[in-house]
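Notes to accompany the following structure.
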Amino acid sequence: MKKILLPIILVFCFSLGFSQNMSIKKPNYNQIKKNISQNNSTLFYPKLLEKFSNADTTMTLKEKRHLYYGFIYQKSYSPYTRSDYNDSLRITLRKKKYETVDLKNIIKYSDSVLKHNPFNLNAINYKIYADKQIKDSIGLIKDYTKMRIITDAMLSSGDGHSKETAYYVISPTHEYSLIKLLGYEFGGKQSLIDHFDYLTLKENEFLIEGLYFDVSASLNHMNSLFNKKE
């Protein structure tokens with residue numbers, strides 16, 4: 001399974017060149033909610049989701065941010081829920097050697113996971129690996145583009161060096177994916193400080209001890225579920 005991590009790093013190298021000059025801006029969730037609800041706007045959520053599904057390379061950073069952060073207002077948003085297809089995917093990934101049928105199953109199961117959560121970075125990464133192995137250049141470019149759209153949105157939200165400049169993520173799993181994308185390794189300790197997650201990093205050349213992530217979207221969703229039960 002370790003060998004599948006390589007494509008996600010390559011995606012970041014491809015994305016970084018595009019992202020390094022982007023302006024950093026915290027997402028305004030209330031404004032995003034308003035913008036994606038206007039059906040005559042280019043930011044209307046169904047339009048953004050269609051562009052993403054088609055791996056539209058013309059998406060602007062503003063559209064990418066509204067797509068990613070606007071997902072928290074969709075009915076299918078559930079940051080702590082796992083797809084039933086995760087088990088089938090995990091069983092296939094555990095194999096020591098992948099035959100063609102295994103690679104196609106990785107794509108099939110990943111697609112099933114992505115139907116419920118189109119921003120599951122692990123599933124997209126597995127697809128990228130399988131695309132590359134079966135030499136599906138069209139699928140590879142499409143999945144690379146989707147990964148780039150998501151990572152551009154996250155990278156535009158901060159630098160992770162402090163609470164004030166934390167990366168905004170809509171899923172706890174995205175914290176770990178972003179650490180890998182940045183070329184770091186998780187240091188093994190995670191702390192929830194108010195609505196921020198702080199993840200330590202293993203020793204690195206930049207001497208960065210850890211990164212901050214704003215997880216308010218996930219926490220608010222969890223709190224709303226508890227309130228409904230009460």
Side-chain angles (χ1 to χ4, degrees), residues 11-12 14-81 113-121 123-124 142-175 177-178 181 194-197 211-228:
V11 173
F12 176 67
F14 174 71
S15 182
L16 182 59
F18 174 82
S19 308
Q20 59 188 357
N21 294 319
M22 68 169 56
S23 58
I24 301 300
K25 183 179 180 182
K26 298 179 182 179
N28 184 327
Y29 284 115
N30 290 331
Q31 187 62 50
I32 288 174
K33 181 180 181 180
K34 179 180 178 181
N35 292 344
I36 64 174
S37 301
Q38 300 174 3
N39 56 16
N40 61 341
S41 168
T42 57
L43 299 176
F44 185 47
Y45 203 78
K47 294 179 182 178
L48 295 177
L49 195 57
E50 182 179 8
K51 281 191 171 184
F52 177 73
S53 298
N54 294 329
D56 190 337
T57 58
T58 68
M59 287 189 76
T60 65
L61 181 58
K62 186 175 183 178
E63 289 175 327
K64 293 174 184 179
R65 287 168 57 87
H66 278 73
L67 170 78
Y68 178 69
Y69 295 112
F71 186 58
I72 69 173
Y73 300 111
Q74 310 309 304
K75 291 182 179 180
S76 57
Y77 176 63
S78 184
Y80 299 103
T81 301
V113 170
L114 291 166
K115 282 183 180 179
H116 300 282
N117 178 8
F119 307 119
N120 187 309
L121 293 174
I124 297 176
K142 188 172 183 179
D143 291 321
Y144 264 133
T145 301
K146 287 184 176 181
M147 182 74 80
R148 175 170 165 170
I149 289 171
I150 299 170
T151 55
D152 277 351
M154 290 192 294
L155 290 170
S156 74
S157 66
D159 59 21
H161 294 170
S162 67
K163 292 180 183 179
E164 183 62 27
T165 61
Y167 289 116
Y168 281 67
V169 294
I170 64 172
S171 170
T173 62
H174 290 176
E175 300 170 40
S177 296
L178 197 54
L181 286 164
D194 192 13
H195 59 278
F196 297 96
D197 259 349
L211 294 174
Y212 288 90
F213 300 87
D214 185 297
V215 292
S216 55
S218 301
L219 294 177
N220 289 339
H221 179 80
M222 183 169 59
N223 289 335
S224 68
L225 292 179
F226 285 143
N227 292 334
K228 286 181 181 178

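The ring-ring contact (aromatic ring centres under 6.0 Å, His included) test applied to Phe196 returns no partner, not counting sequence neighbours. The ring-ring contact (aromatic ring centres under 6.0 Å, His included) check on Phe52 picks up Phe119, with sequence neighbours excluded.
Within 6.0 Å of atom CD in Glu164, 12 or fewer heavy atoms from other residues, nucleotides or ligands are found, so the atom counts as exposed in its surroundings.
The distance from the CD atom of Glu175 to the CG atom of Leu121 is 12.0 Å, given to the nearest 0.5 Å. Rounded to the nearest 0.5 Å, atoms CG (Asn39) and CD1 (Ile36) are 12.5 Å apart. Taking CG from Asp194 and CG from Leu219, the interatomic distance works out to 9.0 Å, rounded to the nearest 0.5 Å. In this structure, the separation between NE2 on His116 and OG1 on Thr81 is 11.0 Å, given to the nearest 0.5 Å. The structure places OG of Ser53 at 10.5 Å from CG of Leu48, a figure rounded to the nearest 0.5 Å.
Nearest heavy-atom pair across His66 and Tyr45 is O-CE1, 3.6 Å. Here the closest non-hydrogen pair linking Asn120 and Val113 is ND2-CG1, 3.4 Å. Contact detail for Ile124 and Pro118: the closest heavy-atom pair is CD1-O, 3.8 Å. The shortest non-hydrogen separation linking Ile32 to Pro27 is CD1-CB, 4.0 Å. Minimum heavy-atom separation, Ser171 to Tyr68: N-OH, 4.5 Å. Between Ser156 and Arg65 the shortest heavy-atom distance is OG-NH1, 2.8 Å.
Here the side chains of Leu67 and Ile149 are in contact, with some heavy-atom distance below 4.5 Å. Side-chain contact between Tyr73 and Ser37 is absent, with no heavy atoms from C-beta onward closer than 4.5 Å. Inter-residue side-chain proximity for Asn28 and Tyr69 is flagged as unmet; no heavy-atom pair is nearer than 4.5 Å. Looking at heavy atoms from C-beta onward, Val169 lies in side-chain contact with Met154 at the 4.5 angstrom threshold. Using a 4.5 Å heavy-atom cutoff, the side chains of Lys25 and Leu61 are not in contact. For the pair Phe71/Ser76, a side-chain contact is recorded, criterion being any heavy-atom separation below 4.5 Å from C-beta on.
Residue pairs meeting the salt bridge (Lys or Arg N to Asp or Glu O under 4.0 Å) criterion with at least one member in residues 38-63, sequence neighbours excluded: Lys51-Glu63.
Checked options Asp197, Asp214, Leu178, Val215; the residue passing with Tyr167 is Leu178 (criterion: side chain to side chain contact (heavy atoms under 4.5 Å, CB included)).
The backbone N or O of His221 sits nowhere less than 3.5 Å from a side-chain atom of Tyr77 that would complete a donor-acceptor pair.
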Test side chain to side chain contact (heavy atoms under 4.5 Å, CB included) applied to Ile24 and Thr165, step by step: CA-CA 9 Å; Ile24 301 300; Thr165 61; over 6 Å; no
